[in-house]
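This report concerns only the one structure given below.
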Amino acid sequence: MVLRLSNRACVLSGSARLKSTLSTYFDEMGKAGIILKSASTGIFENLALEDWIPDRVDLQNRSMLLLWRNSPVVVIGRHQNPWQECNLPLMRRLGIPLARRRSGGGTVFHDFGNINMTFFTSKKKYDRHRNLKVVTSALKALRPDLDVAATDRFDILLNGHYKISGTAAKLGRTSAYHHCTLLCSVDRSILSSVLKSNTSEVIKSNATPSVPSPVKNLLDVDPTLDSNTIMDAIASQYSNEFGFDSPVITVDPTHEGLMPGIHKMAQDLQTWEWIYGRTPKFSVCSSIVVDDVTIKLDMDIKNGAVGQCAMEIPENWLPSEMVNEFTSTLNGSNYCPNETAVLMAAFMRTVSMTADVAEKIHRLCAGVVSVM
Amino acid sequence: MAMCAALRCVSANFSAALPLLTRPAPIWTCQNSLRPNILRTLYTSSRLSGALKFTDKHEWVRVEGTVGTVGISNFAQEALGDVVYCGLPEVGTKLEQMEEFGALESVKAASELYSPLTGEVTEININLTDNPGLVNKACYEDGWLIKMTIEKPAELDELMDEAAYEKFIKSLDS
């Protein structure tokens, strides 16, 4: 394995012996604490790295801190409902993807101005308060006058009021991870617009809800605080807090040779079934207006698919047999605007109807898709 | 499910010894006064009689006929804190022993659940949808998680009975 060592940081290059993986490299290092930086800004690759480490690395006698940042993305918690948590049509227009993580907690927006930190430990050593102390101490070491403090909900507040960090965690068989965000210089106007759902009033669900909070960037209170400075301070404080002599290693989570199985983990996180299909059962009850006609739409969505669909449409606007055919076409389909549009196009080709009816069905379809 | 033993140290409530079982354990108390041959019969028939068996991940399974009911122990629910959501598998899902089958979300974390046995899910506790707190309030009764078939009954022999489980959790303190 070729390493380049400079200033206690080293980068693992691709010319590793095939037998050596990141795991064996850590074993050989024999360090009790290791700090990793991800070379990727892809959410799925980074979430896969979070899956890979507890699965393949021995964390019983070793703890790790992973520092990572992503290009713009909305990340929902394991048991959340994206239709309730964020504005999916806006995200599609802006090209901002959606990811579902495996830990619990609420919905967050990431961009390059946000630092993610994941603390990996054995289950015995799982201690979120101590981890957050690393973050607040690091910030205070940089700027002693900074008013940052962790709450008992494991948020970090700036000036006692603005949320700059949220926490989530996952407990596995023998190990655990606690990860949190840190708002350094995030685009707050995008953050607030994508994290506001356009359809939450029409959804009835028992998915875990987010707790909205006013937010601020660290940059807002101190323009000299940049992400790299903060990451270095956190890495340093991590070593201090836990008494480690941790090297800082940059890893490329797309390197399958170094991390066998990681590619499949990233793929699994990108399936429709995981991102949307894992949404707990919910129902949609909406009134859509088409041509001055109010149509009541009721749908039950299970595993991201339309289970039951009912529509109340005035008989003189569309005949009920047509409405029944329309709703039965939707039954069993994924609650997804693209799929629905394709189904509707096929419906209009195969079912004979007058031009007038076709026009109405087309507008009805647009109305239905608008809640997806 | 796997628990963090350190949580016990942090939580003041834990410093007192035994977590309480919410349901009485008549079979356990009877065993001590019975003669060996009767004891032997009891052990073999406990597989069918509804006695609880435990995993080291703090799940329990109660066998009634050919169906096993699965839940988490009092130790686990206390360590977990208030459960706010139960992520359970679909009926019909086939599970291997130790395979992850879902997660409980609480203020502590999303905690994965691991199947104590190999079998197929026959029922999930739908009461947990609206009332996930049942897992905390009645972990051995109304707070059950799933029911499943028992494809390999021998796996039950590998699990701990109530007495062994009590010993096990006491040992976690040290």
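This structure is a prediction, so every number in the text was calculated from the model and none was measured.
Heavy atoms closer than 4.5 Å to chain B are found in the backbone of A/R102, but not in its side chain.
Heavy-atom neighbours of A/Q308 CD from other residues, nucleotides or ligands within 6.0 Å: at or below the threshold of 12. For A/R62, the CZ atom counts as densely surrounded, since its 6.0 Å shell holds more than 12 non-hydrogen atoms of other residues, nucleotides or ligands.
Of the inter-residue distances, the one linking B/N131 atom CG with A/N206 atom CG reads 11.0 Å to the nearest 0.5 angstrom.
Residues of residues 86-100 of chain B that come within less than 4.5 angstrom of chain A, heavy atom to heavy atom, are B/G87, B/E90, B/M98, B/E100 in numerical order.
Considering all non-hydrogen atoms of both residues, A/Y126 and B/A109 come closest at OH-CB, 3.6 Å. When all heavy atoms of A/R173 and B/Y114 are compared, the pair lying nearest together is N-OH, 2.9 Å. Heavy atoms only, all atoms of each residue included: B/K108 and A/A169 are closest at O-CB, 3.9 Å.
Here B/A110 is the residue among B/A110, B/P132, B/A103, B/S106 with the most heavy-atom pairs under 4.5 Å with chain A.
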- Output, in order, the C-alpha distance, side-chain angles, deciding distance and verdict of side chain to side chain contact (heavy atoms under 4.5 Å, CB included) for A/F154 and B/V107. CA-CA 10 Å; A/F154 306 102; B/V107 290; over 6 Å; no

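Under a 4.0 Å N-O distance rule, the pair A/K170/B/E112 qualifies as a salt bridge.
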